[in-house]
Each structure stands twice: as C-alpha cells, then as structure tokens.
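So the structure is just underneath, and the comments pick up after that.
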Amino acid sequence: MNLVLSNDGMVLDSVFLKTHLNSDLSVYEVFRLIDGVALFLEDHFNRLIGSMQIQGLTFRMSFQDFKENIAALARQNHRMEGNIKFICSVVKGNIQWAFSFIPHSYPSPDDYKNGVTTDLLFAERTNPNAKVIQTRIRDTANQMISDRNLYEVLLVNPDGMITEGSRSNVFFVKGDVFYTAPAPMVLVGITRQKVLDCIQTLGFSIIEQAVSKTEISEFDAVFMTGTSPKVLPVRVIGKQMFDVQNNAVLRVMDSYDQLIQCYIQDEINQNIG
C-alpha cells in the first residue's frame with residue numbers, strides 16, 4: 001500500500017489524495033527518483049515556487065525540508081525508484097500538501113529504438129507556465145491515448161501551432177537545427193531545459209518557434225522530452241512518419257543520459273561526504 005507524506009503525517013493515498021487534493025485549483029510537481037536521488041530537484045522546486053506565485057499562493061517549506069520529506073517518503077515506502085508527485089491545494093482556506101509515489105510508465109528499450117506513436121489534439125492549456133491540474137484536457141488526452149493506442153498526444157492551439165505534449169515537451173529536427181515552441185507558449189519542462197543545454201553544448205542550432213500542423217512533413221525527426229520519457233523519438237504523428245535513428249537526435253539522447261548519471265553521482269558523493 002502506497003503511503004503519502006502530508007501535513008497530516010503519513011496517510012493512505014487511496015482516500016487522502018482523491019478526497020483532499022485532486023482539483024483544478026491544485027499546483028503540482030512531478031519528479032523522478034533514480035537510485036534514491038530526486039533528479040534535478042532544485043529546478044523542480046524553483047518551478048514549483050513559480051507556479052505557486054502565479055496562482056497567488058504562499059509556500060513556506062524550505063528546499064532542505066522539501067528534500068528531507070522526499071527522503072522520508074522513500075524510506076516509508078521502501079522505494080529507490082519511481083515518480084513522485086508533490087501536490088498543493090487550498091482546502092477550506094488552508095494550504096494542504098502531500099508527497100506520494102504515483103504510477104508511471106517508462107518507455108521500453110524498443111520505444112527508444114523504434115520510436116513511439118502520437119497524434120494531434122486540438123486543445124490549449126490555460127496559463128501554460130503554471131503547473132496546475134487541468135482536468136478537462138488531461139481526461140480528453142487520456143481517452144484519446146487509450147482509444148488510439150498512442151504513447152502521447154501533441155496539443156494544437158487555435159492558430160494551428162503545435163505547442164507541447166499533454167505531459168511532455170516536443171522538439172522538431174531539420175538537418176542540424178532543432179525547433180521547439182517558446183517558453184511563453186508551454187509548460188517549461190525541466191527536462192526540456194536540460195535538453196536545450198545539451199543541444200547547445202553539442203553545437204546544434206536551436207530555434208524557439210512553434211511548428212504548424214501543416215508543416216510537420218518538412219521535418220526529419222521529432223522527439224519528446226519529459227520526466228518519464230527523458231528524450232524519446234517519435235515514429236509517427238497521425239500518419240506522418242519520421243526518422244527515429246536520426247544522428248542528431250541520438251547524440252542528444254546520449255548527452256542527456258550522461259547528464260543524468262553525472263547528477264546522480266554528484267548527489268551520492270555529497271551524501272557520502
């Protein structure tokens with residue numbers, strides 16, 4: 001049974017999360033635990049604070065307390081791997097928060113090798129820069145993913161521009177140039193920012209510009225980024241196929257994996273020290 005760490009101590013998620021915190025007024029953050037290390041936690045914490053400020057909420061937990069709560073959750077659940085969700089809501093005028101392990105679906109080795117299937121969903125987040133629960137879009141995306149056996153759906157705004165995935169960011173590649181929607185149009189994923197750093201370090205060009213749904217056939221490759229998928233090639237959008245063995249994409253995938261390993265090792269070394 002999964003235990004949740006909350007204002008009220010350790011409670012069972014089967015009741016607490018559904019009845020107390022799952023609403024459109026909730027701010028949340030999801031991060032990945034690998035070898036007991038919460039990946040890029042500083043970045044996730046800073047984004048959480050930003051989301052809270054956008055929503056006009058005050059959050060008084062320090063980063064060190066945030067980190068220690070994660071460690072306590074992992075110990076209580078005897079877990080060293082998985083996705084952890086932090087969610088914060090206003091409940092009857094009071095701030096209520098909780099940390100919990102949540103179900104995850106990591107891509108298989110075949111997904112990374114052969115790419116995944118996606119399609120377009122005509123929907124747009126309201127206030128995309130704040131990580132808040134938007135139940136309608138999430139439910140619609142989940143239904144479409146299930147009905148069509150997709151890995152993800154890509155959101156298209158009223159202007160016909162592909163902005164992001166329902167739970168990921170998306171990059172298009174043409175030659176040695178990478179395109180991705182600019183920050184004001186998307187929820188700026190932590191993985192997205194780390195991948196942008198990798199792309200720059202590798203010497204590729206980046207254009208922060210959304211791609212029109214009518215232009216996707218002009219691109220060589222597509223990939224998505226996120227907490228669970230990391231850097232994941234896209235094989236198809238609708239009926240349009242892409243190169244999943246694109247050399248530039250493979251180099252970015254390898255660079256990001258190396259970045260993760262360096263971060264984990266640094267955290268382990270600090271804890272030992």
- From CA spacing to verdict: side chain to side chain contact (heavy atoms under 4.5 Å, CB included), V222, I237: CA-CA 9 Å; V222 181; I237 301 175; 4.3 Å; yes
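- Taking 4.0 Å as the cut-off between side-chain N and carboxylate O, R192 and E208 count as a salt-bridged pair.
- No donor-acceptor distance shorter than 3.5 angstrom exists from the side chain of D111 to the backbone of G115, with no hydrogens or angles considered.
- The only option from R32, K230, E81 that meets the side chain to side chain contact (heavy atoms under 4.5 Å, CB included) definition with Y106 turns out to be R32.
- For the pair E152 (side chain) and S166 (backbone), a donor-acceptor distance under 3.5 Å is present.
- The existence of a salt bridge linking K85 and E29 is excluded, since no basic side-chain nitrogen approaches an acidic carboxylate oxygen closer than 4.0 Å.
- A 6.0 Å sphere centred on NZ of K174 holds more than 12 heavy atoms belonging to other residues, nucleotides or ligands.
- Inter-residue side-chain proximity for L150 and T118 is flagged as unmet; no heavy-atom pair is nearer than 4.5 Å.
- Between Y263 and F40, the distance from one ring center to the other falls under 6.0 angstrom.
- Remark: the backbone N or O of D220 is not paired with any side-chain donor or acceptor of D243 at under 3.5 angstrom.
- Residues F63 and I84 share a single hydrophobic cluster, defined by chaining ILVMFWY side chains whose heavy atoms lie under 4.5 Å apart.
- Between F172 and F219, the distance separating the two ring centers is shorter than 6.0 angstrom.
- Side-chain N or O atoms of D119 include none that pairs as donor or acceptor with a backbone N or O of V153 at under 3.5 Å.
- Aromatic ring centres of F242 and F223 lie farther apart than the 6.0 Å criterion allows.
- Under a hydrophobic clustering in which Ile, Leu, Val, Met, Phe, Trp and Tyr are joined whenever their side-chain heavy atoms come within less than 4.5 Å, directly or via other members, I162 and M241 fall into different clusters.
- Of the possible donor and acceptor atoms, one in the side chain of T201 sits under 3.5 Å from a partner among the backbone N and O of D197.
- In this structure, Q55 contributes its side chain and V27 its backbone to no donor-acceptor pair below 3.5 Å.
- Taking the six-membered ring wherever Trp is involved, the centroid distance between the rings of F31 and F86 does not fall below 6.0 Å.
- Judged by distance alone, the side chain of N157 and the main-chain N or O of D159 form a donor-acceptor pair under 3.5 Å.
- Linking ILVMFWY residues whenever their side-chain heavy atoms come closer than 4.5 Å, directly or via other members, leaves V249 and V244 in distinct clusters.
- Side chain of D65 to main chain of M61: no donor-acceptor pair is present (N/O by atom type, distance under 3.5 Å, no hydrogens or angles).
- The aromatic ring centres of F66 and F45 sit less than 6.0 Å apart.
- The pair E267-K67 meets the salt-bridge criterion, with a side-chain N (NZ, NE, NH1 or NH2) lying under 4.0 Å from an Asp/Glu carboxylate O.
- A donor-acceptor pair is defined here as one N or O able to donate and one able to accept, closer than 3.5 Å; such a pair exists between the side chain of R47 and the backbone of V188.
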